[in-house]
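For reference, the structure discussed in these notes is given below.
Here, residue 1 is the first one in the sequence, and each next residue gets the next number. These numbers come from the heavy atoms of this one structure, side chains and all, not from hydrogens, waters or symmetry mates. Just so we're clear, the structure is a prediction, and the values are computed from it rather than from any experiment.
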Amino acid sequence: WIRWEDASYQRGEGVLYELEPSVVVETTGRFFREDEETISVCLDLHPKEQSFRHIAHIPKKMIVARRDIEVDLDEPQS
């Protein structure tokens with residue numbers, strides 16, 4: 001689970017007091033990789049084929065909070 005500050009976009013016309021220059025969002029997914037600048041998580045994992053889908057790459061400097069959740073991968077699937 002990662003809470004991070006994302007860029008924002010507003011459509012159409014607006015007034016100064018309505019502007020929302022940044023938005024804090026939350027991403028939950030399977031840890032994919034991490035380097036000095038980025039954490040990557042994916043939504044879908046096919047473990048037998050080691051294939052991933054819907055990968056989010058989040059710059060570390062944008063992260064507000066992070067919580068790692070342990071999952072027992074040997075647990076039987078129903």
Side-chain angles (χ1 to χ4, degrees):
W1 170 86
I2 300 173
R3 178 177 290 145
W4 57 288
E5 190 171 350
D6 196 3
S8 67
Y9 172 80
Q10 292 180 242
R11 292 183 278 176
E13 297 178 14
V15 293
L16 190 57
Y17 66 86
E18 292 179 330
L19 298 180
E20 191 170 359
S22 67
V23 176
V24 175
V25 297
E26 295 180 354
T27 299
T28 303
R30 170 71 184 228
F31 175 79
F32 183 66
R33 66 181 284 274
E34 180 174 358
D35 60 29
E36 291 182 18
E37 298 178 358
T38 307
I39 294 176
S40 302
V41 295
C42 67
L43 178 61
D44 298 329
L45 162 67
H46 189 287
K48 289 183 181 178
E49 295 184 14
Q50 288 296 302
S51 62
F52 302 89
R53 289 193 306 186
H54 310 291
I55 300 169
H57 306 284
I58 303 169
K60 285 185 174 179
K61 62 185 175 184
M62 304 299 279
I63 294 175
V64 175
R66 172 183 175 178
R67 181 176 301 144
D68 295 335
I69 302 168
E70 296 288 329
V71 176
D72 183 3
L73 297 177
D74 294 327
E75 186 176 303
Q77 299 178 9
S78 53

Hydrophobic cluster membership, Trp1 vs Val25, 4.5 Å side-chain cutoff: no
Atom of Cys42, atom of Phe32 and distance for their closest heavy-atom approach: N-CB, 4.4 Å
ILVMFWY network linking Val23 to Ile58, side-chain heavy atoms under 4.5 angstrom: yes
Spacing of NE2 belonging to His46 relative to CZ belonging to Phe52, to within rounding of 0.5 Å: 11.5 Å
Stepwise side-chain hydrogen bond (donor to acceptor under 3.5 Å, both in side chains) test for Ser40 and His57: CA-CA 4 Å; Ser40 302; His57 306 284; 2.7 Å; yes
Carboxylate-amine/guanidinium proximity below 4.0 Å for Lys60 and Glu37: no
Distance in Å, Met62 CE paired with Thr38 OG1, rounded so as to fall on 0.5 Å steps: 11.5 Å
Electrostatic pair Glu34:Arg66 at N-O distance under 4.0 angstrom: yes
Residue pair Ile2 / Ile39, side-chain heavy-atom distance below 4.5 Å: yes
Donor on one side chain, acceptor on other, Thr27 and Trp4, under 3.5 Å: yes
Euclidean distance, Leu43 CG relative to His54 NE2, rounded to 0.5 Å: 5.5 Å
Any Arg33 side-chain heavy atom under 4.5 Å of Asp35 side chain: yes
